[in-house]
Amino acid sequence: MRVYNFAAGPSTLPLPVLEEVQKDLLDYQGSGMSITEMSHRGKQFMAVNAEANALLRELMNIPDDYAVLFVQGGASQQFAAVPLNLLQKGKADYILTGNFATKAYEEGLKYGDMAVAASSKEANFTYIPDMNAVKFRDGIDYVHITQNNTIFGTRYIELPKTNATLVSDMSSNILSEVVDVKKFGLIYAGAQKNIAPAGLTIVIVRRDLLGKALPICPTMLNYAIQDKNDSLYNTPPCFAIYVAMLVFRHLKSLGGVPAMQKINEEKAKILYDFIDNSSFYTNSVDKKYRSIMNVPFVAPSEELNAKFVAEATKAGFVSLKGHRLVGGMRASIYNAMPTEGVKALVEFMKKFETENKNA
Ligand SMILES: *Cc1c(COP(=O)(O)O)cnc(C)c1O
């Protein structure tokens, strides 16, 4: 039986996509083998690679002067790839809104003069700094943000006010809401949250930023080389790219990103409204900045948190344990989590509250 899987990543995939994968697995389109067993330079995989690229461009409305790259190493590898490709003057500013933003900054420190333009660390990252108040240094190569904070459950509602190249880690919000790609010089995302199995990382980069990598930049991290080779400089994560293609087709059939955004906002509202109207559960994120993808919440005590996670698991709601930096619970409600899953979770939460409120 399929469970409702609220994992933060790797996370749930759309059922029709999994069924298609299952159907294709032993014999991909009459080839007599699976997509994971064939050459990445063969006609069939090359077609998958090209279609996945074209569909992502269509879904995100990516202009022609941007390269779309399929690379490996996860979003964490991009923490290094970004400075190695973009530093010209040797300086960049970071906004610290969580664990991954901090890691990106710390990795950047190895390659240049990096500064923290703003941080919400003093409040355990429960809000996003006010963009009107954040000032950046002169002469920087880029500003780095983490648009949705997977662990802390926050998201940007406006972008930094800067003329510098804007770099965004969209690992946990890519394709969940409409973004204007033109506002960014570079977007990157690990695929395992909202797109595909782990192993694939998406990079969307404006082409005028290419070809200026630092001499020490490893060949594999050099965006210009990946672009020139259509992301086939070496063996790519073929299976993950193939599943990504199926997910992109699926999203397109549902009406694309605007339709997903509407559904995601509805799902998040169901959960937040319930939490806000309950005297049992709490979400401590500043309401203005609440993520529509990752919803952390707590019950009144550590004992009840543990009991909640255990009973939820038994009832078929899995991976609700919060990240160790936040504690409590976290429901990740990415594109592939159906509205019925969120409604069923709320019903479970109600029942648990009734049974435990006088405990
Ligand atoms: C999960 C996540 C990462 C780390 O991704 P990996 O692919 O595991 O390296 C980085 N940033 C954000 C926002 C994430 O959610």
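Note that the coordinates shown come from a computational prediction; the quantities given were computed from them, not determined experimentally. Both ligands and their constituent atoms are indexed starting at 1 by order of listing.
The cationic atom of Lys343 (NZ for Lys, CZ for Arg) does not lie both less than 6.0 Å from the six-membered ring centre of Tyr4 and within 45° of the ring axis.
Closest protein heavy atom to atom 5 (O) of ligand 1: Ala75 CB, 3.5 Å. For atom 4 (C) of ligand 1, the closest non-hydrogen atom on the protein side is Phe100 CE2, 3.5 Å. Residue, atom and distance of the protein heavy atom nearest to atom 9 (O) of ligand 1 are Ser76 OG, 2.6 Å. Nearest to atom 11 (N) of ligand 1 among the protein's heavy atoms is Asp169 OD2, 2.6 Å.
Taking the six-membered ring where the residue is Trp, the centroids of His144 and Tyr94 are separated by under 6.0 Å. A ring-centre distance under 6.0 Å is found for Phe348 and Phe308. Ring centroids of Tyr156 and Tyr289 are separated by 6.0 Å or more, keeping the two rings apart.
Interface atoms of ligand 1 facing Thr146, defined by a heavy-atom separation under 4.0 Å, are 13 (C). For ligand 1, the atoms sitting less than 4.0 Å from at least one non-hydrogen atom of Thr150 are 12 (C), 13 (C), 14 (C), 15 (O), numbered in the order shown with element in parentheses. Close approach to Gly74 involves these atoms of ligand 1, each under 4.0 Å from a residue heavy atom: 7 (O), 9 (O).
Taking the six-membered ring for Trp and thresholds of 30 and 60 degrees, Phe352 and Phe280 have ring planes more than 60 degrees apart, a perpendicular arrangement.
With a 4.0 Å heavy-atom cut-off, ligand 1 is reached by the side chain of Gln192 but not by its N, CA, C or O. Residue Lys193 touches ligand 1 through its side chain alone, judged by heavy-atom distances below 4.0 Å.
With hydrogens and angles left out, the side-chain atoms of Tyr334 and Asn264 include no donor and acceptor closer than 3.5 Å. A donor-acceptor contact closer than 3.5 angstrom is absent between the side chains of Asn294 and Thr150.
Within the structure, ligand 1 has Asn148 among the residues with a heavy atom less than 4.0 angstrom away. No heavy atom of Gln147 sits closer than 4.0 Å to any atom of ligand 1.
Side-chain contact check for Lys89 versus Asp113: every heavy-atom pair is 4.5 Å or farther apart.
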